[in-house]
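Read the structure below first, then the notes.
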Amino acid sequence: LGSLIHHWQISKGEEFTKLISYLKTLGLARYVEVREIGGGELEIMVDRFPVKSANKQKDMVSLKDVGFGVSQVLPVLTALIAAVPGQIVYIEQPELHLHPRAQAALAEPIADAAKRGVRVIIETHSELLLLGIQTLIAEKYLPDDIVKLYWFDLNPNGSAKVTGAEPDENGAYGDWPEDFSDISLKAQNRYLDAAE
């Protein structure tokens with residue numbers, strides 16, 4: 001990871017600019033850089049100031065010293081940028097340790113890779129990520145015909161049932177897992193009932 005980002009940084013390529021742009025879009029960091037720390041070792045550094053900070057000076061800290069969200073999503077973003085058309089990028093639960101804002105914004109880098117012809121397969125439980133993808137389809141940023149949704153249910157006999165759906169031109173999936181969105185709605189209703 002560090003050597004690839006370092007290569008992009010030295011070559012001042014579009015990949016490095018895109019990586020920084022995505023980190024800002026997700027609200028995670030204003031800047032990233034890789035430093036040589038001797039003996040051929042590299043250290044990934046990120047700007048610790050918030051993305052919307054008025055302070056224009058960089059205050060770089062080691063990736064090891066920032067929240068898990070940045071360290072978890074940096075390899076995801078790097079893989080999406082580095083992938084070539086036809087290549088498969090499998091991402092398992094990219095929403096882990098991410099703020100809800102970042103979960104929704106993660107749809108954009110995923111869409112950009114898919115539009116380039118990268119085959120992106122995501123395993124997620126994030127309604128916000130799915131809503132972000134639906135929104136990009138509705139906004140005509142992402143073609144609906146390159147997106148598929150599959151969900152897995154456990155049959156009473158222990159086998160898995162796989163159901164698929166394709167979004168329409170407005171990003172609506174039609175058939176949807178029965179309890180996927182209902183859980184947050186029921187939890188909110190239960191809270192509102194209790195608060196009254």
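All figures in this text were calculated on a predicted structure; none of them were measured in a lab.
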Does any part of the side chain of Leu149, heavy atoms only, come nearer than 4.5 Å to the side chain of Thr163, both counted from C-beta? no
Treating Ile, Leu, Val, Met, Phe, Trp and Tyr as nodes and any side-chain heavy-atom pair under 4.5 angstrom as an edge, say whether Ile121 and Val89 lie in one connected cluster. no
I need the minimum non-hydrogen distance between Ala165 and Trp151, along with the two atoms involved. CB-CZ3, 3.9 Å
Taking the side chain as every heavy atom from C-beta outward, state whether Glu123 and Tyr90 have any pair of such atoms under 4.5 Å apart. yes
Would you mind reporting whether Leu98 and Leu129 have side-chain heavy atoms less than 4.5 Å apart? no
Can you name the closest pair of heavy atoms from His6 and Glu36 and give their distance? CE1-OE2, 3.5 Å
Inter-residue atom distance Glu95.CD - His125.NE2, 0.5 Å rounding: 7.5 Å
Minimal non-hydrogen separation, Gly132 against Ala107, with atom names: C-CB, 3.5 Å
Hey, does the side chain of Glu108 reach the backbone of Ala105 with a donor-acceptor pair shorter than 3.5 angstrom? no
Do Phe49 and Leu28 belong to the same hydrophobic cluster, where Ile, Leu, Val, Met, Phe, Trp and Tyr are linked whenever their side-chain heavy atoms lie under 4.5 Å apart, directly or via other members? no
Has Arg48 got a side-chain atom pairing as donor or acceptor with Asp65's backbone, closer than 3.5 angstrom? no
Taking the side chain as C-beta and beyond, is there a heavy-atom pair between Asp47 and Asp59 under 4.5 Å? yes
Lys140 versus Glu169: any side-chain heavy-atom pair under 4.5 Å? yes
With a sphere of 6.0 Å drawn around NE2 of His7, does it hold more than 12 non-hydrogen atoms of other residues, nucleotides or ligands? no
Measuring from Ile5:CD1 to Ile10:CD1, what's the distance to the nearest 0.5 Å? 12.5 Å
Tell me every residue that passes side-chain hydrogen bond (donor to acceptor under 3.5 Å, both in side chains) with Glu33, counting only those two or more places apart in sequence or in another chain. Arg35
Distance-only donor-acceptor hits, side chain of residues 16-26, under 3.5 Å, sequence neighbours excluded:
from	atom 1	to	atom 2	distance (Å)
Tyr22	OH	Asp112	OD2	2.5
Thr25	OG1	Ser21	O	2.9

Please say whether more than 12 non-hydrogen atoms of neighbouring residues, nucleotides or ligands are located less than 6.0 Å from CD in Gln93. yes
State, to 0.1 Å, how close Gly86 and Arg119 come at their nearest heavy-atom pair, and which atoms those are. O-CD, 4.0 Å
What is the distance from atom NE2 of His97 to atom CD of Gln103, rounded to the nearest 0.5 Å? 11.5 Å
Between Leu80 and Ile91, does the side-chain contact (heavy atoms from CB on, under 4.5 Å) criterion hold? Intermediate values first, please. CA-CA 10 Å; Leu80 290 170; Ile91 307 168; 4.0 Å; yes
For Ile146 and Lys115, which heavy atoms make the closest approach, and how far apart are they? CD1-N, 4.2 Å
Euclidean distance, Asp144 CG relative to Leu136 CG, rounded to 0.5 Å: 12.5 Å
Any link between Val61 and Val34 through a network of hydrophobic side chains (Ile, Leu, Val, Met, Phe, Trp, Tyr) touching at under 4.5 Å? yes
Is a side-chain N or O of Asp168 found less than 3.5 angstrom from the main chain of Asn170, in a donor-acceptor match? yes
Which atom names give the shortest non-hydrogen contact between Val120 and Ala114, and what distance separates them? CG2-N, 4.3 Å
Side-chain atoms of residues 66-76: list all donor-acceptor pairs with protein atoms under 3.5 Å, sequence neighbours left out, distances to 0.1 Å.
from	atom 1	to	atom 2	distance (Å)
Ser71	OG	Phe68	O	3.1

same_hphob_cluster(Val51, Val32) at 4.5 Å side-chain heavy-atom cutoff: no
Quick check on the hydrophobic clustering: are Leu96 and Leu1 connected, directly or via other members, by side-chain heavy-atom contacts under 4.5 Å? no
